[in-house]
Amino acid sequence: MNIISLIRLPKGTQAQIAQIAPSEAFGEIDHLVTQRLTDLGFSEGMHITLLSNGLLGRGPYAVRLGNLSQFALRRPEAAKIMCRVEE
């Protein structure tokens, strides 16, 4: 299985979250962003489906988690979510 960032997934792709990766885009508050995503349900092993990736693939990224929750993420947050693509 390949591990890639959520922002690289084609629309409609189903995957499993491998990890929430650190990102320099958030600087000192990166750990807070990671915790917020985890609190929302973006955790290792959770199934995720990319529903839409916005205009020209630049966001917002609409996703559905395995528990049927739906979220819209900005590009920097979506880039932190590393996924295992299900084949």
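Predicted model only: the values in this text are computed from it and were never measured.
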Legend entry - ring pair (Phe, Tyr, Trp, His ring centres under 6.0 Å) against Tyr61, all qualifying residues, sequence neighbours excluded: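 Testing Tyr61 for ring pair (Phe, Tyr, Trp, His ring centres under 6.0 Å), a comparison that skips the adjacent residues, returns none.
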Inset, instruction - Would you mind listing every salt bridge (Lys or Arg N to Asp or Glu O under 4.0 Å) that reaches into residues 33-49, with sequence neighbours excluded? - result: none
Inset, instruction - Name all pairs fulfilling the salt bridge (Lys or Arg N to Asp or Glu O under 4.0 Å) condition that reach into residues 22-32, sequence neighbours left out, sorted by first residue then second. - result: Asp30-Lys80
Inset, instruction - Identify, with sequence neighbours excluded, every residue that meets side chain to side chain donor-acceptor pair (under 3.5 Å) alongside Thr38. - result: none
Legend entry - CD1 on Ile81 to OG on Ser43, rounded to 0.5 Å: 10.5 Å
Legend entry - Side chain to side chain, Leu37 and Leu73, heavy atoms closer than 4.5 Å: yes
Legend entry - Side chain proximity check, Leu65 to Ile17, heavy atoms < 4.5 angstrom: yes
Legend entry - Pair listing, ring pair (Phe, Tyr, Trp, His ring centres under 6.0 Å) test, anchored in residues 10-32, at least two apart: none
Legend entry - Listed once per pair and sorted, the ring pair (Phe, Tyr, Trp, His ring centres under 6.0 Å) pairs that draw on residues 64-83, sequence neighbours left out: Phe42-Phe71
Inset, instruction - Could you list the residues that satisfy side-chain contact (heavy atoms from CB on, under 4.5 Å) with Ala21, not counting sequence neighbours? - result: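 Residues passing side-chain contact (heavy atoms from CB on, under 4.5 Å) with Ala21: Gln19, Met82.
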Legend entry - Set of residues satisfying salt bridge (Lys or Arg N to Asp or Glu O under 4.0 Å) with respect to Arg74, sequence neighbours excluded: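 Partners of Arg74 under the salt bridge (Lys or Arg N to Asp or Glu O under 4.0 Å) test: Glu77.
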Tabulate below the donor-acceptor pairs under 3.5 Å that side-chain atoms of residues 4-11 make, not counting sequence neighbours, or state none.
{"from": "Ser5", "atom 1": "OG", "to": "Ile7", "atom 2": "N", "distance (Å)": "3.4"}
{"from": "Ser5", "atom 1": "OG", "to": "Ala79", "atom 2": "O", "distance (Å)": "3.1"}

Legend entry - Val63: which of Asn53, Leu51, Ile48 passes side-chain contact (heavy atoms from CB on, under 4.5 Å): Ile48
Legend entry - Any donor-acceptor N/O pair, Gln16 side chain to Gly45 backbone, under 3.5 Å: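 Such a contact is found between Gln16 side chain and Gly45 backbone.
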